[in-house]
Amino acid sequence: MSFLFGLKEGTECEMIGFSEKLSINLKRRLLSLGFVCGTKIKVLKYSLKKKTILLELRNYVLTVESSICAEIKVRV
Amino acid sequence: MKEFLLVGNPNTGKTTFFNFLTKSTEKVGNWHGVTVEEKRKKIDDESELVDLPGIYSLTPLSFEEEVSVKYIYNHKGATILNICDMFNLKRNLYLTLELLEAGLNVILVINSMGKKCELNISSLEKKLGITCILFNGKNKKEIIEKIKNNKKNTKKIENSSKNNDILINYLKNNNIFLNFNNEFTINKINEKDDFFLNFNGLEKHKNNLYNLCENDSLEKVAKQRFNIIEDITKDMQTFSVQGKSKIDKIVLNKYLCIPIFLAIMFVIFYLTFFSVGAYISNILKYFIENIVGSFVSNIVRNLTHEMWVINLFEVAIVGGLGSLICFLPQIAMLFMFLHILETSGYLSRIAFVFEDLFSFLGLSGKSIYTLLMGFGCSTSAIMTARNMEDKNAKIKTAMITPYMSCSAKLPIYVVIGGAFFGKFNILIIFGLYLLGIVMAVLVSYILEKKILKTKQQSFILEFASYRLPTLKGILKVILENCKTFLIKVGSLLICMNIIVWILQNFDFTFTYVGSSGNSILKVIGEFLAPVFIPLGFGNYGAVSALIAGFIAKEIIVSSIAMLNGIDITKDFHTQTQNSILDASSVVFFSPISAISYMIFCLLYSPCISSLSMLKSEIGGKWTLVSVLIQLFSSYLLCLIVYQGLSLITKIGVGSIMIVIGIMIVIFSFYRVFKVLKNKKCKTCPHFSNCKNK
């Protein structure tokens, strides 16, 4: 198991859950965006200072703050 | 009146659909959070359409989402037109399921985004058990017929939560009867949705209810919904990844992203203010000065011989409007480029690029949209700050938006700067725009460090697909904005010009004294003028125009023109510039005081409409703080600029360089001395605890 933040650009992984530290509001928002267990996620790009990450999942692209990605558990 | 609510994820085309059905011209954009408040309009005599801000689910996270969810909960009898993006259907259906769980009457509208639809709509209709409509921008009659004849759907979404019975029993035992069905209520409890429970007055039971839920109940509810969606869409066609493009390899390249953004901004700036925009402006100016102005003036002079009436008409009304119309092409171009940026999908890329920098200032990458809009009009821009989840980030964004030089300030730079700096004025104007950005960054940084620390930001932003703006869309935006600008600003400008004209030509006993007498404005201006002497423009004309500028920045130039007795029938632009250069005129500047005056105009305070918008968005306290900061910072900066530049011109650049050189030498000596002292101290046994090191 590893976390979404820290994976190299271009890495594909499968989501396995959230860490306990993530607030319930953010968890709920991520779930409604399709971050459920088993979802395939691809790390597309990091921003200049790695503050945000560009991700591809469920046929669309979105940017998520790195601190949030650091709380998303994945399996590569 | 039958009510139809437009509900859907952000950027799915709700407002486009709203405009399509109601023939409205509400603002649309290829970006999340364009609609920030409810908008309503009749479809016909029997039905009304309400456009709501985009939501991802029925649990709101930001203020704009709260507006939508509250509206949906309070209008359960209304029919919901759930707009979904055809290319993002799987994710969009998550909200559809929630709406169906809540027992609401839903019609699914699939926006094909102007492309050919390859989805099997009737199959989807069967699986979902609700009416599904394809929206392709052409089939208006068919859509209206379908939504009006739609019968209330009876589709029930089964809830397989294990704790169903336990939660239902708890609600029954405590005599809690909600207006929503059990399936939805249980899901909302399992989702630990505080907003839903507070809305239904269940704050007291919150902890008890949450204790009855499993630890991962939230994940289970979402998983269950996505399983249903997978089941519904399993035979459907899949599309290419939305929001992914080869262009991004260049636009988001770490070395190129910022230079590309700056280059785009510079091109927009150049085309708007100095080439195409200025060229069209000159043609218009020629037309107004030589044809319209003379024609109107002759008519008035033929009708009356009363000098004050002629003067009022020529100077206050025609003169004011003339100054406004001359800048119309530039304003139209500015709005056109903003529209192109919005609809192209580039804004979400800019937000991604700038998130790093903005988070350092306690802002969100989403702030870039508000700040860019600020170059057009602060009033509407401030409103878009609503889409930020963090309250402090929202307050800061709204507070720094007026630092972005809005289009109304442009005439000030063009006229005053043009008078003194001629063709080099492009550098002055670019510098002023840049100064506004620098001040915004500084103020935001200070607020972040000292007063308004941003809490945990949650920057999650969907990437919009690239789209080419349509010519029709561009023309519509130009026409709409020009119309609004002329009607709203024009009417305000005429009123204000008349007021300023009265203040300028009448004394306190309301006797006509003309512009040379002791008019009300002159007395007030002369009373306040000494305050501005250290800034280089301590004369009543300049100060009076600033007072008028509180109402609207557009009228500063026309006030200056009026205070100088400019005749609209002749070359207005050149006359204004010449009169500013004329030392015997009422308002006179030197090149340095002109720079100081323009900086003051850029920073001193937003106009009244922006202030009222600020008050409604961030409250009276922060509005007052914002104005005080702006007044203080503008005064201080102008003081430094004027006195500093005056000193340089008085004693010469060479002398200044000598002074700076001496200061560098002294500072170097001081540093060397300190290092040597520390070296010596290191041998002292008390060095580690020494307070003076």
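Convention: sequence-line order gives letters A, B, ...; per-chain numbering from 1. Just so we're clear, the structure is a prediction, and the values are computed from it rather than from any experiment.
Between A:Arg29 and B:Glu65 a salt bridge is recorded (basic side-chain N to carboxylate O distance below 4.0 Å). In summary, A:Arg58 and B:Glu230 engage in a salt bridge, as defined by a charged side-chain N under 4.0 Å from a carboxylate O.
A:Leu54 has its side chain within reach of B:Leu252: a pair of non-hydrogen atoms, C-beta onward, lies under 4.5 Å apart. Proximity of B:Leu218 to A:Lys27: side-chain heavy atoms (C-beta onward) are separated by under 4.5 Å at one or more points. Looking at B:Asn88 and A:Tyr60, their side chains come closer than 4.5 Å, going by heavy atoms from C-beta outward. The shortest side-chain heavy-atom distance between B:Lys90 and A:Asn59 does not fall under the 4.5 Å cut-off.
Side-chain N or O atoms of B:Lys223 include none that pairs as donor or acceptor with a backbone N or O of A:Val36 at under 3.5 Å. With hydrogens and angles disregarded, no donor-acceptor distance shorter than 3.5 Å links the side chain of A:Arg28 to the backbone of B:Pro60.
The CD1 atom of A:Ile53 sits 8.5 Å away from the CZ atom of B:Phe352 when rounded to the nearest 0.5 Å. Atom OG of A:Ser32 is separated from atom OH of B:Tyr94 by 5.5 Å, given to the nearest 0.5 angstrom. If you take CD on B:Glu462 and CG on A:Leu33, they are separated by 7.0 Å, rounding to the nearest 0.5 Å. Going from atom CG of A:Leu62 over to atom CZ of B:Phe463 covers 9.0 Å, rounded to the nearest 0.5 Å.
Heavy atoms of other residues, nucleotides or ligands lying less than 6.0 angstrom from CZ of B:Phe199 number more than 12. When the shell of 6.0 Å around NZ of B:Lys254 is examined, it contains 12 or fewer heavy atoms from other residues, nucleotides or ligands.
Considering only heavy-atom pairs separated by less than 4.5 Å from chain A, the leading option among B:Asp193, B:Asp216, B:Thr59 is B:Thr59.
There is no contact between B:Leu95 and chain A, counting heavy-atom distances below 4.5 Å. Using a 4.5 Å cut-off between heavy atoms, B:Phe226 contacts chain A through its side chain alone, with no backbone atom that close.
Taking 4.5 Å as the heavy-atom cut-off, the residues of residues 14-25 of chain A that approach chain B are A:Phe18, A:Ile24, A:Asn25, ordered by number. Of all residues in residues 44-52 of chain A, those placing a non-hydrogen atom less than 4.5 angstrom from a non-hydrogen atom of chain B are A:Leu44, A:Lys45, A:Tyr46, A:Ser47, A:Leu48, A:Lys49, A:Lys50, A:Lys51, A:Thr52.
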